[in-house]
Number of protein chains: 2
Amino acid sequence: MESRPVSIKDVADRAGVAVGTVSNVLNHPARVSSATRERVQSAIDHLGFVRNDAARQLRAGQSRTIGLIVLDVGNPFFSSLARAAEDCAAENGSTVVLGDSGQDLEREARYIDVFEQQRVQGMLISPVGDVGPRVEALRKRGMPVVLVDRVDAQRRCSSVSVDDVAGGYMAVRHLLAAGRRRIVFVGTKADFRQVADRLAGARQAVEEQDDAVLEVVEADAMTVLAGRDVGGAIARRAAGGLPDGIFCANDLLAIGVMQAVLLIRGLRIPEDLALIGYDDIDFSASTVVPLTSVRKPTELMGRTAVDLLLEEIEAPSSRRRQVIFDPELVERGSTTAAVRAVG
Amino acid sequence: MESRPVSIKDVADRAGVAVGTVSNVLNHPARVSSATRERVQSAIDHLGFVRNDAARQLRAGQSRTIGLIVLDVGNPFFSSLARAAEDCAAENGSTVVLGDSGQDLEREARYIDVFEQQRVQGMLISPVGDVGPRVEALRKRGMPVVLVDRVDAQRRCSSVSVDDVAGGYMAVRHLLAAGRRRIVFVGTKADFRQVADRLAGARQAVEEQDDAVLEVVEADAMTVLAGRDVGGAIARRAAGGLPDGIFCANDLLAIGVMQAVLLIRGLRIPEDLALIGYDDIDFSASTVVPLTSVRKPTELMGRTAVDLLLEEIEAPSSRRRQVIFDPELVERGSTTAAVRAVG
DNA sequence: CCGCACCTTTGAATCGTTTCATTGGTACGT
DNA sequence: ACGTACCAATGAAACGATTCAAAGGTGCGG
């Protein structure tokens, strides 16, 4: 019942040709007469022959596969980046295989090993913690690596990332442009570079505007619940202490703040209070008042990462490049009175 | 500069042993004297040798890799299923590689081809549209396949899925147990089997309760916005026409309904109206009133899928099994008065 | 001192594909 | 009729790891 797998040899026998001819049909059809080609093709179809990629690679010394290791496939940023990378790779005849490190160093190491043993053309890595040693070792063995959402301080490999300082600046500029002057920044203790950068950008924007003031409020976490606590505290302030614009370090915080200020004090958004988040998660378009947010150019980052990698594969000695994208402002009802919701 | 890749031969030369010995160090360390083992190991470390998986597989005829093709990596259901599958595979010495079909037949086909050429041990597929022909072809060539979130009507392969009828029943039973009798089911035109099943379960529960009535309201889509429209229409009804319990075919619809009824009519949830969703997306814990929902046992499904696949790999002629899980009710404030939100 | 058992190491054969130098044929010009 | 050119097809070598029968070495009992 279970016949052993069909090889190119079996196809050759059935078609009455040499193995080299079958290989030519597969890889250089033009070299083969059409009569032979058809005969071989029908043998292939009849036997259900499937190329053995292992043998192919062994001979070629290289695969047509790119390994992508992300911190969390569940994170929309990474899933849509992965999608874009796949598309871009497909256009270039390569395939992306995805590994999910789940922010775990050990899992990350496992995937790096697996991919290296599979002799992938190169890897796109969104690294956990310190990149240094592991990437160093990879590069020493000639494996092209491009970092994603992280720059390599030592410039040993190319990278694609986002300028969060610019994002923070952009967000607060937008509030200022709408005439807001008493701005609150909501974030966590700036453990994370990302949060610190966004705050730095916010500061910069406020400093450029003479009559504007920035107040920093610390949340316990980057969650809706933590946002609700912060929002509740703000909503209960005396009328004079109320801000007229709030910039939250991510959308979840912003959503929590929105829930609290709408329900506790019945403030109007954006009339009394303009609100802006960061990341533009899917849900932000569907909040009671649709949330203005700052979006990373995810698709572009995915495609660019693949491009940089392919570039390095073709010219291994080419210069490494750190591509830093500016994020993009997505205007919705929470800052722009024109758009109101609930039909 | 760029030296060609290091092979087992290079290691053997440097350690002054035969290639077979190096292979033994890698695969059967016990067969090798410890002196030799150390010498070989240090040669490996010094040269930075990395096994060539292609050669290994070619010889072995099989890989230690499982292919997983999902409809959408961005969907939390699939990403957490993938995570669980990876863990379970790792415990059994295999690695999962992930392909995202994006609900596209062509992409699905591409991944199936790639995985087959890579001679994966087997595949877990959450199929787009009709499974029949493609899976049939795979199985004919002896490739183990387990379907995920879909049963094979013809029982040709094993599968793991969820009983949505039971889920619908469970949801409405929960509403009835809380004393609700005028129940509304919100869903789309029952194109999708899932929605139809959930409704069937809901019907069954209502029929078992003499004094309960079920009304079906059709939404335009399974989105927050569509839910808001439906919720708005319901909220504007005369007091006599109001339901006291609403079961939505997914959480997005339920969130939309919640937004509308809270804001338009100021109904109290759950006192005036109990609300229950389906899928238990992350966000449901963070809505203004936390949403009760029905959750698929995602991790369990991922692990079971891998188990079924490994079982089939070890005993190819074993009987195929259709494993159908019951979903799980996650009680939150939208049906249980005890829990209220907004601090 | 020989034979035997046991352990370590060896090296050739093998997996399936691609490549490429070579062969066999055909057509054409001289 | 012969040489040349070209096209199609051939088949052996190569890729790198694993396997396994065989060889080499050591120690022990008789």
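Per chain, numbering begins at 1; letters A, B, ... match sequence-line order. Worth saying up front: this structure is predicted, and the values here are computed from it rather than measured. Values below: all heavy atoms of this structure, side chains included; hydrogens, waters and symmetry mates excluded.
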Would you mind telling me which of D163(B), D279(B), D149(B) makes a salt bridge (Lys or Arg N to Asp or Glu O under 4.0 Å) with K296(B)? D149(B)
Flag for S94(A)-Q121(A): side-chain donor and acceptor within less than 3.5 Å: yes
Taking atom types as modelled and ignoring hydrogens, do the side chains of S318(A) and E312(A) form a donor-acceptor contact shorter than 3.5 angstrom? no
Is any NZ, NE, NH1 or NH2 atom of the basic residue among D307(B) and R303(B) found under 4.0 Å from an Asp or Glu carboxylate oxygen of the other? no
Where do R107(B) and D87(A) land on the side chain to side chain contact (heavy atoms under 4.5 Å, CB included) test, with the steps shown first? CA-CA 10 Å; R107(B) 291 172 65 125; D87(A) 288 341; 2.6 Å; yes
R119(B) side chain near Q62(B) side chain, heavy-atom distance below 4.5 Å: no
State whether E116(A) and R51(B) are salt-bridged, where the test is any N-O pair (Lys NZ or Arg NE/NH1/NH2 against Asp/Glu carboxylate O) under 4.0 Å. no
Proximity to DNA chain D (any heavy atom under 4.0 Å), residues of residues 19-43 of chain B only: G20(B), S23(B), N27(B), H28(B)
What is the distance, to the nearest angstrom, from the CG atom on D13(A) to the C1' atom on dG16(C)? 13 Å
Name every residue in residues 55-67 of chain B that has at least one heavy atom under 4.0 Å from any atom of DNA chain C, in order of residue number, or write none if there are no such residues. L58(B), R59(B)
I want to check something: taking the side chain as every heavy atom from C-beta on, are N52(A) and Q117(B) in contact at a cut-off of under 4.5 Å? no
Considering residues, nucleotides and ligands other than R64(B), do more than 12 of their heavy atoms fall under 6.0 Å from its CZ? yes
Separation of dG11(C) atom P from K9(B) atom NZ, nearest Å, is 11 Å
Between atom CG of D104(A) and atom CZ of R110(A), what is the distance when rounded to the nearest 0.5 Å? 10.0 Å
Taking any atom closer than 4.0 angstrom to a non-hydrogen atom of chain B, what span of DNA chain D does the protein reach, first nucleotide to last? dG16(D) to dT19(D)
Strictly below 4.0 Å: does R119(B) bring a side-chain N or O up to OP1 or OP2 of dC15(C)? no
